[in-house]
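Before any comments, here is the structure.
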Amino acid sequence: MNQNTNKTVLILGANSDVAKQCIKQYVEKGFTVIAASRNTTSLENFINSNHLDSSKISVLYFDAADFDLHQKFYSDLPTKPHIVVYAAGFLVDNQKALADFKGARQMMEVNYMGGVSVLSIIAMDKNNKNLERIIGLSSLSGVRGRKSNFVYGSTKAAFTQFLAGLRQELASRKIIVNALVIGYIRTKINEGLELNESLIMEPDYVAKYIVNAGNSFTIVPNFKWKMIYYILKVLPEGLVAKLP
């Protein structure tokens, strides 16, 4: 019997392109998946069009920004998860975010506050003896503040710091917390942006790093992005300011 047969993965924000590939890969590894998103129709269409085993997948409604319902959502889960992936994300142009706080607030609510809300509920349920791993999807944009996208980047930086502290909080219970620090991906959230084609990763490629996450806290898919990550960490402020 596959060692993952009796394990459940909860994917929050499961309608993202990367999350959909995670559904596929987790099922292939024998996991049962609870895919949660506001757009349940899109998830069901993905499952059907890819001929995935629907008996291994539950589709539930979840709104990352509806904080008041997060406790009920978790309490009503058919099975408490072994692995949780927070993949919810939202992006607006930096100039729009500066000019209209509505967009900035939505990024904060989805990218950071929603994660803090629901992951705190999940992590503090000590009755769930299944929980063994929490994975959060962050971004290279959160490594250093840059003029092109610092509002979005600030939400990802905050989320990464939350995950880092959560990792320490859960260490005594042997629960692993990972932060996927991701660069450009060919997804709908990046449509219309002028990105360096040689640096763009495919969703299924990134999903493999999530599904096969190890013990390290920071996971940066792709060698090129690892180099960029380390350069950003040490680059003097004056040079960061000159970046596009």
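Residue indices begin at 1 and follow the sequence shown.
- Among all heavy-atom pairs drawn from Gly89 and Asn111, the shortest one is CA-OD1, 3.2 Å.
- Proximity of a side-chain donor or acceptor of Lys56 to a complementary backbone N or O of Gly30 within less than 3.5 Å is detected.
- For the pair Asn222 (side chain) and Lys224 (backbone), a donor-acceptor distance under 3.5 Å is present.
- Side-chain contact check for Leu199 versus Leu140: every heavy-atom pair is 4.5 Å or farther apart.
- Residues Pro81 and Leu77 approach most closely at CD-CD1, 4.1 Å, considering heavy atoms.
- By the rule that hydrophobic residues join a cluster once side-chain heavy atoms approach within less than 4.5 Å of another member, Ile83 and Val33 end up as members of one cluster.
- Under a cut-off of 6.0 angstrom, the local environment of OH in Tyr230 is sparse, with at most 12 non-hydrogen atoms contributed by other residues, nucleotides or ligands.
- In this structure, the side chains of Asn50 and Ile23 stay at 4.5 Å or more apart for every pair of heavy atoms.
- A single hydrophobic cluster is not seen to contain both Leu180 and Val84; linkage of ILVMFWY side chains at heavy-atom distances under 4.5 Å, directly or through other members, places them apart.
- One distance of note links CG of Leu10 with CD1 of Ile122; it measures 5.5 Å at 0.5 Å rounding.
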| query | Can Val181 and Lys156 be said to form a side-chain contact (heavy atoms from CB on, under 4.5 Å), step by step? | reply | CA-CA 9 Å; Val181 181; Lys156 290 299 188 177; over 6 Å; no
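- Nearest heavy atoms, Leu137 versus Ala87: CD2-CB, 3.9 Å.
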| request: Decide side-chain contact (heavy atoms from CB on, under 4.5 Å) for Thr8 and Asn130; before the verdict, give the C-alpha distance in whole Å, the side-chain angles of both, and the deciding distance to 0.1 Å. | output: CA-CA 9 Å; Thr8 299; Asn130 292 338; over 6 Å; no
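- Atom NZ of residue Lys226 and atom OG1 of residue Thr218 lie 11.5 Å apart, to the nearest 0.5 angstrom.
- Once rounded to the nearest 0.5 Å, the distance linking CZ of Phe150 with OG1 of Thr155 reads 12.5 Å.
- With 3.5 Å as the limit, one finds no donor-acceptor pair spanning the side chains of Thr40 and Glu44.
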| message | Let's go through Leu98 and Asn94 carefully: what are the C-alpha distance in whole Å and the side-chain angles of both, what is the deciding distance for side-chain contact (heavy atoms from CB on, under 4.5 Å) to 0.1 Å, and is it a yes or a no? | response | CA-CA 6 Å; Leu98 290 172; Asn94 203 68; 3.8 Å; yes
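- The residue from Arg173, Lys7, Lys174 that alone fulfils the salt bridge (Lys or Arg N to Asp or Glu O under 4.0 Å) condition with Glu132 is Lys7.
- By the criterion of side-chain heavy atoms lying less than 4.5 angstrom apart, applied directly or through intervening Ile, Leu, Val, Met, Phe, Trp or Tyr residues, Phe162 is grouped together with Tyr74 in one hydrophobic cluster.
- Counting heavy atoms from C-beta outward, Ile185 and Asp17 have side chains that stay 4.5 Å or more apart.
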| task | Just do the side-chain contact (heavy atoms from CB on, under 4.5 Å) check on Phe73 and Leu60 with the steps written out, would you? | result | CA-CA 9 Å; Phe73 168 83; Leu60 299 179; 4.2 Å; yes
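- Side-chain contact between Arg38 and Tyr61: present, with at least one pair of heavy atoms (C-beta onward) separated by less than 4.5 Å.
- Evaluation of the salt bridge (Lys or Arg N to Asp or Glu O under 4.0 Å) test over residues 105-127, restricted to residues two or more places apart or in two chains, returns none.
- Summarising the geometry, atom OH belonging to Tyr209 is positioned 11.5 Å from atom CD1 belonging to Ile182; distances are rounded to the nearest 0.5 Å.
- The aromatic rings of Phe67 and His70 stand perpendicular to each other, their planes meeting at an angle above 60°, with 30° marking the opposite boundary.
- Leu163 places a side-chain heavy atom less than 4.5 Å from the side chain of Leu119.
- The stretch residues 157-168 participates, sequence neighbours left out, in these side-chain hydrogen bond (donor to acceptor under 3.5 Å, both in side chains) pairs: Ser138-Thr160.
- In this structure, a donor-acceptor pair under 3.5 Å is absent between the side chains of Lys80 and Asn127.
- Taken together through direct or relayed side-chain contacts under 4.5 Å among Ile, Leu, Val, Met, Phe, Trp and Tyr, Ile135 and Val18 form part of one hydrophobic cluster.
- The heavy-atom pair separating Gly103 from Phe90 by the smallest distance is O-CE2, 4.1 Å.
- Side chain of Ser16 to backbone of Ala19: a donor-acceptor contact under 3.5 angstrom is found.
- For the pair Ile219 and Gly214, the tightest heavy-atom approach, listed with the atom from each and the gap, is CD1-N, 4.3 Å.
- You'll find the side chain of Leu170 reaches within 4.5 Å of the side chain of Met124, heavy atoms only.
- The residues Lys72 and Asp76 are annotated as salt-bridged, a charged nitrogen and a carboxylate oxygen being separated by less than 4.0 angstrom.
- Here Leu91 contributes atom CG and Tyr152 contributes atom OH; the two are 6.0 Å apart, rounded to the nearest 0.5 Å.
- Arg133 places a side-chain N or O within donor-acceptor distance of the main-chain N or O of Ala213, the cut-off being under 3.5 Å.
- Summarising the geometry, atom OG belonging to Ser58 is positioned 11.5 Å from atom CG belonging to Leu43; distances are rounded to the nearest 0.5 Å.
- With hydrogens and angles ignored, the 3.5 Å screen pairs no side-chain donor or acceptor of Gln21 with any backbone N or O of Tyr205.
- For the pair Asn178 (side chain) and Ile210 (backbone), a donor-acceptor distance under 3.5 Å is absent.
- With hydrogens and angles ignored, the 3.5 Å screen pairs a side-chain donor or acceptor of Ser75 with a backbone N or O of Gln71.
- Side-chain contact between Lys29 and Asn212: present, with at least one pair of heavy atoms (C-beta onward) separated by less than 4.5 Å.
- The same ILVMFWY cluster, assembled from side-chain heavy atoms under 4.5 Å apart, contains both Val206 and Phe46.
- In this structure, the side chain of Lys96 does not engage the main chain of Ala104 through any donor-acceptor pair within 3.5 Å.
- Looking at heavy atoms from C-beta onward, Val151 lies in side-chain contact with Met107 at the 4.5 angstrom threshold.
- Pairing each heavy atom of Ser37 with each of Asn15, the nearest pair is OG-CB, 3.2 Å.
- Ring pair Phe159/Tyr86 is tilted by interplanar angle, where 30° to 60° counts as tilted.
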